[in-house]
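Since the structure comes first, as structure tokens, the remarks are kept for the end.
Bear in mind the structure is a predicted one, so any value in this text is a computation, not a measurement. Whatever order the structure lists ligands and atoms in, that order sets their numbers, starting from 1.
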Amino acid sequence: MMTADNIAGIRELLAAAKRLAVLTGAGISAESGVPTFRGVDGLWRKFRAEDLATPGAFRENPTLVWEWYDWRRTLVAQKKPNPGHFSLARLERQIPEFTLITQNVDGLHDLAGSRRPLKLHGDIWSVRCTRCDYRGTMRQTPLAEIPPHCSCGSLLRPDIVWFGEMLPERIIEEAWQAAQTADIFMVVGTSALVQPAASLPMQAKQNGAVVIEVNLEETPLSPYADHVLLGPSGTLLPQMIP
Ligand code: BV8
Ligand code: ZN
């Protein structure tokens, strides 16, 4: 458990960082009221990931998958960034080389002022056509038509990375690059179960980075982290980042 005086040590560590990378997961948005995936009130509890966040599920039942996303989009549209998101946006302006990598699709880092989050798993507001090369932003909540169609007549799909799908090449490349060059790699609010995101802090560690984890509880990453701060990120991050 990290005590207050250690927070002072972490504060100094962060302030002295030259190349800092941060990986966030659903936990950083929990205090904004966005349900996490695997927590007690997690999204997956009502729905099973393999039933919904896969290309097969979409092929089989696009209406069900779109109903799930419409429900999440309508919920996320009413949520605001919390002090944890704002602290990372503040940190970005203090550090010469800063990379924010997120597994979240809720767009709250953008709203908090983070300049260019690397969205490993896509964006809940972005859609793409299942046939032509149309890709765009669709902000309507709730959706007027489920499932929505492209002007070419084909189905639109969420522009989100589902299980078994490749992550966007440029984005994952940049994230590996940041993990390889970081002198500090901070991980906030992720269960560290989903690949390849969960391998990024391990890569950083192998390259000599100091790894800091912020989470409510220990995760499979904790034994490898140099510092584990247990508590809500909305409280801890503002203490670590004045
Ligand atoms: C790919 C999109 C390869 C949907 C998501 C077996 C072994 C290893 C890997 C695999 C395997 N079988 C399959 C795989 C690969 C698979 C994978 O990793 N599966 C896991 C589950 C075992 N990965 C993939 O399929 C990826 N693609 O590998 O392609 C490939 C190769 C060749 C050819 C083709 C393909 C794609 C992964 C992306 C999947 N998409 N989501 C959507 O979001 O709508 S994953 C889903 O989980 C979300 O995106 C989310 O971002 C992600 C991770 O979850 P977390 O963010 O960590 O959230 P979670 O709820 O789990 O945890 C919350 C944490 O916060 C907890 O620790 C909690 O304690 C903490 N917390 C809560 N409150 C707070 C807090 N912390 C601080 N403060 C608080 N207040
Ligand atoms: Zn189209």
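- Considering backbone and side-chain atoms alike, F37 places an N or O below 3.5 Å from some N or O of ligand 1.
- Residue I160 has no N or O atom closer than 3.5 Å to an N or O atom of ligand 1.
- Placement of L155 and M138 within a single hydrophobic cluster is found when ILVMFWY residues are connected by side-chain heavy-atom separations under 4.5 Å, directly or transitively.
- Of the candidates V34, D123, V161, V161 brings a heavy atom nearest to atom 5 (C) of ligand 1.
- For a threshold of 3.5 Å applied to N or O pairs, the pair formed by P196 and ligand 1 contains no separation below that value.
- Nearest to atom 1 (C) of ligand 1 by heavy atom, out of E165, E31, M166, is E165.
- Pairs of residues two or more places apart, or lying in two chains, that qualify as ring-ring contact (aromatic ring centres under 6.0 Å, His included) and include a residue from residues 79-104 are H85-H109.
- Proximity to E217 (heavy-atom distance under 4.0 Å) selects the following atoms of ligand 1: 69 (O).
- Of the listed residues (A26, S233, A192), the one carrying the non-hydrogen atom nearest atom 56 (O) of ligand 1 is A26.
- A salt bridge between K205 and D226 is present, with a side-chain N of the basic residue lying under 4.0 Å from a carboxylate O of the acidic one.
- When only interatomic distances are considered, the shortest N/O to N/O separation between S191 and ligand 1 falls below 3.5 Å.
- Checking only distances, F163 never comes within under 3.5 Å of ligand 1, N or O to N or O.
- Listed by first then second residue, pairs satisfying ring-ring contact (aromatic ring centres under 6.0 Å, His included) with a partner in residues 111-141 number zero, not counting sequence neighbours.
- Here atom 66 (C) of ligand 1 lies nearest to N215 when heavy atoms of L237, N104, T36, N215 are compared.
- Polar contact check, Q195 against ligand 1: a nitrogen or oxygen pair lies under 3.5 Å apart.
- Taking S199 as the reference, W176, Q195 meet the side-chain contact (heavy atoms from CB on, under 4.5 Å) condition, with sequence neighbours excluded.
- With a 4.0 Å cut-off on non-hydrogen atoms, Q103 touches ligand 1 through its backbone as well as its side chain.
- Listed by chain and number, the protein N, O or S atoms at a distance under 2.8 Å from the Zn ion (ligand 2) are C129 SG, C132 SG, C150 SG, C152 SG.
- Salt bridge status for R135 with D159: present, with a side-chain N to carboxylate O gap under 4.0 Å.
- Here's the thing with G189: one of its N/O atoms is less than 3.5 angstrom from an N/O atom of ligand 1.
- For ligand 1, the polar-atom distance check finds no N/O of W68 at less than 3.5 Å from any of the ligand's N/O atoms.
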